[in-house]
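In what follows, a single structure is set out as structure tokens and then discussed.
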Amino acid sequence: MRAALARPAEEVAPDLLGAVLTHETPEGTVSITITETEAYSGAADPASHAYRGRTPRNAVMFGPAGHLYVYRSHGLHWCANVVTGADGIASAVLIRAGRVIEGEDLARERRGDKVESARLARGPGNFCQALGITAEHNGTDLLTDAPVALSEGEPVPAALVRAGPRVGVSRAHDWQHRFYLAGDPTVSAYRLSPRAKPD
């Protein structure tokens, strides 16, 4: 699977639809099927954290592929990314949404009793909250026996895969690097950032 991830983010992102992220904790296990992703490259992508080069914050993005890159968004929510591409070249796929397939009760404890099933992992911050992902998981190798693991899951029919502009970014917002399953209720709504600038 690592070889499949060691490709450009925009090639890996649609292939991660249907894959499963699992987190085993003392409280229990939660598994989520990925239904929405966004691709972010490095120096060639103005919306990427690695656009201006390597920093302590984005170092995990530079590889190797198959590791987890976790960052804080707007000081509020954790966001999970699967590192892709060749070692030494920054590239990652943001996991935007998913469907809880195991541990729904635990995911609901983390998200709130009144949250609908389809919304438990809808949006990147909610995805991490439902899965119990925080900064401590940054750099985790998802392809080993670590508590957080990525597996292939069920194949997704190509006819269900859609592409569109990325959500909430101010630069390169119109790049068709967001991939999602058509008609899936767990997919987040598209929103153009109010800070979006013409490219």
Side-chain angles (χ1 to χ4, degrees), residues 4-23 32-52 55 57-85 89-99 120-135 137-140 142 148-150 153 156 161-181 184 186-193 195-196:
L5 295 175
R7 296 178 293 144
E10 63 271 20
E11 294 180 14
V12 176
D15 290 348
L16 282 177
L17 298 175
V20 177
L21 264 178
T22 297
H23 187 195
I32 302 178
T33 296
I34 297 169
T35 59
E36 182 183 5
T37 61
E38 277 181 351
Y40 289 89
S41 304
D45 186 347
S48 171
H49 287 176
Y51 180 57
R52 301 189 186 280
T55 68
R57 180 197 190 200
N58 66 28
V60 176
M61 281 187 73
F62 287 78
H67 286 243
L68 190 66
Y69 168 49
V70 181
Y71 68 88
R72 191 80 131 169
S73 176
H74 304 297
L76 298 172
H77 309 292
W78 298 110
C79 295
N81 302 254
V82 176
V83 176
T84 63
I89 300 176
S91 179
V93 174
L94 171 67
I95 309 303
R96 285 202 53 84
R99 182 187 318 110
L120 285 173
R122 186 182 187 204
N126 295 333
F127 187 98
C128 279
Q129 188 175 5
L131 205 57
I133 297 296
T134 65
H137 303 105
N138 187 46
T140 297
L142 297 170
V148 185
L150 178 69
V156 170
V161 178
R162 299 287 186 274
R166 296 184 290 197
V167 178
V169 295
S170 60
R171 301 287 302 277
H173 57 86
D174 57 347
W175 289 19
Q176 303 293 294
H177 283 185
R178 172 177 171 248
F179 301 90
Y180 58 95
L181 298 182
D184 194 299
T186 66
V187 172
S188 62
Y190 172 74
R191 291 185 180 88
L192 177 66
S193 169
R195 299 175 291 110

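Remember, predicted model here, so these are calculated numbers, not experimental data.
- The two atoms that bring Gly98 and Thr186 nearest to each other are O-CB, 3.4 Å, heavy atoms only.
- Partners of Ala135 according to the side-chain contact (heavy atoms from CB on, under 4.5 Å) rule, which considers only residues two or more places apart in sequence or in another chain, are Trp78.
- For residues 40-51, the salt bridge (Lys or Arg N to Asp or Glu O under 4.0 Å) pairs, not counting sequence neighbours, are Asp45-Arg166.
- Val156 and Gly18 make their closest contact through CG2-CA, 3.5 Å (heavy atoms, listed as atom of the first residue, atom of the second, distance).
- Remark: Tyr40 pairs with Glu38 by the side chain to side chain donor-acceptor pair (under 3.5 Å) rule, at least two apart or across chains.
- The local environment of CZ in Arg52 is sparse, with at most 12 non-hydrogen atoms from other residues, nucleotides or ligands closer than 6.0 Å.
- Nearest heavy-atom pair across Asp174 and Gln176 is O-NE2, 3.1 Å.
- In this structure Asn81 satisfies the side chain to side chain donor-acceptor pair (under 3.5 Å) test with no other residue, sequence neighbours excluded.
- Here CG of Leu17 is found 8.5 Å from CZ of Phe179. Values are rounded to the nearest 0.5 Å.
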Using the rule given for side chain to side chain contact (heavy atoms under 4.5 Å, CB included), can you reason through Val70 versus Thr134, listing the C-alpha separation, both sets of side-chain angles and the distance that settles it, and then say yes or no? CA-CA 7 Å; Val70 181; Thr134 65; over 6 Å; no
Taking only distance into account, with no hydrogens and no angle test, what donor-acceptor pairs under 3.5 Å do side-chain atoms of residues 60-68 form with protein atoms, sequence neighbours excluded?
from  : atom 1 : to     : atom 2 : distance (Å)
His67 : ND1    : Gly139 : O      : 2.9

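- Between the Ser91 side chain and the Ala9 main chain, a donor and an acceptor come within less than 3.5 Å of each other.
- Under the rule for a salt bridge (Lys or Arg N to Asp or Glu O under 4.0 Å), the partners of Arg178 that lie at least two apart in sequence or sit in another chain are Glu36.
- Judged as a salt bridge (Lys or Arg N to Asp or Glu O under 4.0 Å), and not counting sequence neighbours, the contacts of Arg99 are Asp184.
- Applying the side-chain contact (heavy atoms from CB on, under 4.5 Å) rule to Ala19 yields the partners Leu16, Ile34, Leu150; only residues at least two apart in sequence or on another chain are considered.
- For the residue pair Leu21 and Leu142, the shortest heavy atom distance occurs at CD2-CD2, 4.0 Å.
- Atoms CZ and CG, from Arg57 and Asn138 in turn, are 10.0 Å apart once rounded to the nearest 0.5 Å.
- Ser188 places none of its side-chain heavy atoms less than 4.5 Å from the side chain of Phe127.
- The structure places CZ of Arg96 at 10.5 Å from OH of Tyr190, a figure rounded to the nearest 0.5 Å.
- Note that the CD1 atom of Ile133 and the NE2 atom of His77 stand 16.0 Å from one another [nearest 0.5 Å].
- Side-chain contact check for Ser41 versus Glu10: some heavy-atom pair is nearer than 4.5 Å.
- In terms of the ring pair (Phe, Tyr, Trp, His ring centres under 6.0 Å) criterion, residue partners of His49 (sequence neighbours excluded) are, by chain and number, Tyr69, Tyr71.
- Partners of Arg7 according to the side-chain contact (heavy atoms from CB on, under 4.5 Å) rule, which considers only residues two or more places apart in sequence or in another chain, are Glu11, Val12, Asp15.
- Separating the CG atom in Leu131 from the CG atom in Leu120 is a distance of 11.5 Å, to the nearest 0.5 Å.
- Scanning all heavy atoms of the two residues, the minimum distance from Ala13 to Ala39 falls at CB-CB, 4.0 Å.
- Between Leu94 and Thr37, the closest side-chain pair of non-hydrogen atoms is not below 4.5 Å.
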